[in-house]
Amino acid sequence: MIVHIHFHSNKTGVTRSVENIIPVLNRYTVARVFGYGIDAPKISLLQLIKLIYSPVKSVIHTHRNNEIIFALLMRMLGGKFRLVFTRHAESKPLGFTYWLMRKADNVVSLSTSMSKALNCRNTMIPHGVNTDLFNIHEKTTIAGIGQDKLINVIGRIREAKGQLVVMKALAGLLGNHPEWGLAFIGKVDETGYADKIISMAAEMGISSQLHFLPETDDILGFYRATDAVVIASVSEGFSLVCLEAMACGLLTIATESVGIHSEVIRHGENGFLFPVNDHESLGHILSDIISGKIIIDKGKIRQTIVDGWSVEKNVKELLKLYG
């Protein structure tokens, strides 16, 4: 039996990655989640304790420091299980995190750059997406948005996600193209940062084309209303949005050498890459998209994900690791 631990109240990329794999794991074995803040089949504390003290072979898969600490406490109390830890952050781990990682039987990394940066033995198993769920669909609209064409940026509103860079790139373009809108989808973490974006839109006279939309579980609805997705993050442990958007056949423009962007996107073939914080380079790409100079076949974009980044492939690699 496989148990993923999830101790986080907010829905994050980690949450969505676990929600993606649990149903597929259950096609091959029994998989459950212990914890909260996640929509997945659960196991209770009593059931978990019975499991790890029974002869049944079990795997505990953790994703955060608090989760592996809990698992290590269970092991100190005599629990028997294989302990797996996935590193989700691209930044170099602190000493305490390294110490925790070395206590795991297996450490999973998500990208080539992360695997090389970790100062410990690890197995690279990138996330995947449900390519049946994330698929090419007929274009829809979002209530309250008057523009027919939409560029979406998905993620919490904060400097590390680069929304202001996208605003700067589009500031001189949207005014000449009233049919295009820009939507930021996610919880506002940094109010001052969001205010800068709002002020810039007001100065350029494009406030009616800027939309802040709340975090939602219906992410598919936003993809179906989108013409292009921009991922302007300074750093990413992975970048699930990149895979989801491309699986939907959407033009995806992302920061190069961040997360798995440069591993998935072949610049000019199935998407576009631009240097971190370079709004001018991004602006040139978006200008060509808005003017119609750039057209990439949706099927070609999607096929990249179907061939190499599906959740089925992700789960099969995890099952090999679990043994």
Side-chain angles (χ1 to χ4, degrees), residues 10-11 13 139-234 236 239-242 244-246 248 250-255 258 261 271-294:
N10 296 323
K11 185 175 281 286
K139 181 87 184 297
T140 61
T141 58
I142 298 173
I145 293 181
Q147 292 78 36
D148 295 327
K149 301 281 190 177
L150 196 62
I151 295 168
N152 272 346
V153 182
I154 300 169
R156 291 175 171 250
I157 315 300
R158 57 188 180 196
E159 189 170 358
K161 292 296 184 181
Q163 287 94 349
L164 184 58
V165 175
V166 184
M167 184 73 256
K168 288 178 179 178
L170 284 167
L173 295 171
L174 291 182
N176 296 322
H177 297 275
E179 74 280 12
W180 282 84
L182 170 62
F184 295 124
I185 303 165
K187 181 181 177 183
V188 176
D189 283 347
E190 298 173 4
T191 305
Y193 185 69
D195 288 342
K196 288 181 182 178
I197 297 170
I198 293 168
S199 296
M200 179 173 287
E203 289 172 8
M204 300 299 295
I206 54 173
S207 295
S208 63
Q209 292 168 267
L210 173 65
H211 311 278
F212 282 86
L213 304 173
E215 197 171 54
T216 178
D217 291 332
D218 182 29
I219 197 65
L220 269 174
F222 288 111
Y223 286 131
R224 291 172 185 172
T226 298
D227 295 276
V229 169
V230 180
I231 309 167
S233 307
V234 173
E236 287 281 356
S239 190
L240 202 56
V241 168
C242 182
E244 292 173 346
M246 292 179 69
C248 293
L250 296 173
L251 264 175
T252 303
I253 308 99
T255 42
V258 171
H261 297 164
F272 294 90
L273 298 164
F274 69 98
V276 170
N277 289 328
D278 189 344
H279 70 273
E280 291 184 352
S281 294
L282 176 59
H284 290 314
I285 295 168
L286 291 173
S287 176
D288 286 345
I289 290 172
I290 289 172
S291 66
K293 291 180 181 178
I294 289 176

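The figures here come from the full heavy-atom set of this structure, side chains too, leaving out hydrogens, waters and symmetry mates.
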With sequence neighbours excluded, what pairs up with [X] under the side chain to side chain donor-acceptor pair (under 3.5 Å) test?
| X | value |
| --- | --- |
| His279 | none |
| Glu244 | Arg16, Tyr223 |
| Lys168 | none |
| Glu236 | Lys161, Ser233 |

Does the side chain of Leu170 come within less than 4.5 Å of Trp180's, by heavy atoms? no
Evaluate the side-chain proximity of Phe274 to Thr255: yes if any heavy-atom separation is below 4.5 Å, no if none is. yes
Can you tell me how far apart [atom1] ([X]) and [atom2] ([Y]) are? Round to the nearest 0.5 Å.
| X | Y | atom1 | atom2 | value |
| --- | --- | --- | --- | --- |
| Leu174 | Leu210 | CG | CG | 8.5 Å |
| Ile151 | Leu250 | CD1 | CG | 12.0 Å |
| Ile289 | Ile294 | CD1 | CD1 | 5.0 Å |
| Leu173 | Met204 | CG | CE | 9.0 Å |
| Ile145 | Leu150 | CD1 | CG | 5.0 Å |
| Lys196 | Thr191 | NZ | OG1 | 12.5 Å |

Phe222: partners by ring-ring contact (aromatic ring centres under 6.0 Å, His included), with sequence neighbours left out: none
For Tyr193, what residues pass the ring-ring contact (aromatic ring centres under 6.0 Å, His included) criterion, not counting sequence neighbours?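 Checked Tyr193 against ring-ring contact (aromatic ring centres under 6.0 Å, His included); zero matches.
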With [X], which residues qualify under salt bridge (charged side-chain N to carboxylate O under 4.0 Å, His left out), at least two apart?
| X | answer |
| --- | --- |
| Lys139 | Asp227 |
| Asp189 | Arg156, Arg158 |
| Glu159 | none |

Kindly give the heavy-atom pair with the smallest separation between [X] and [Y], and that separation in Å.
| X | Y | result |
| --- | --- | --- |
| Val229 | Thr226 | CG2-CG2, 3.8 Å |
| Val166 | Ala232 | CG2-CB, 3.8 Å |
| Ile142 | Ala225 | CG1-CB, 3.5 Å |
| Ile157 | Gly186 | CG1-O, 3.8 Å |
| Thr140 | Gly221 | OG1-O, 4.0 Å |

Scan for side-chain hydrogen bond (donor to acceptor under 3.5 Å, both in side chains) pairs involving residues 197-215, sequence neighbours excluded, and state none if there are none.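 Sorted result for residues 197-215: Gln147-His211.
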Given Leu182, which partner from the list Ile197, Ile206, Val153 fulfils the side chain to side chain contact (heavy atoms under 4.5 Å, CB included) test? Val153
For residues 146-172, pull every pair meeting ring-ring contact (aromatic ring centres under 6.0 Å, His included), keeping only residues two or more places apart or in separate chains.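 For residues 146-172, and leaving out neighbouring residues, there are no ring-ring contact (aromatic ring centres under 6.0 Å, His included) pairs at all.
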Just distance, no hydrogens or angles: give the donor-acceptor pairs under 3.5 Å from side chains in residues 280-287, sequence neighbours left out.
from: Ser281; atom 1: OG; to: Asp278; atom 2: OD1; distance (Å): 3.4
from: Ser281; atom 1: OG; to: Asp278; atom 2: OD2; distance (Å): 2.7

Step by step, would you call Asn176 with Ile290 a side-chain contact (heavy atoms from CB on, under 4.5 Å)? CA-CA 10 Å; Asn176 296 322; Ile290 289 172; over 6 Å; no
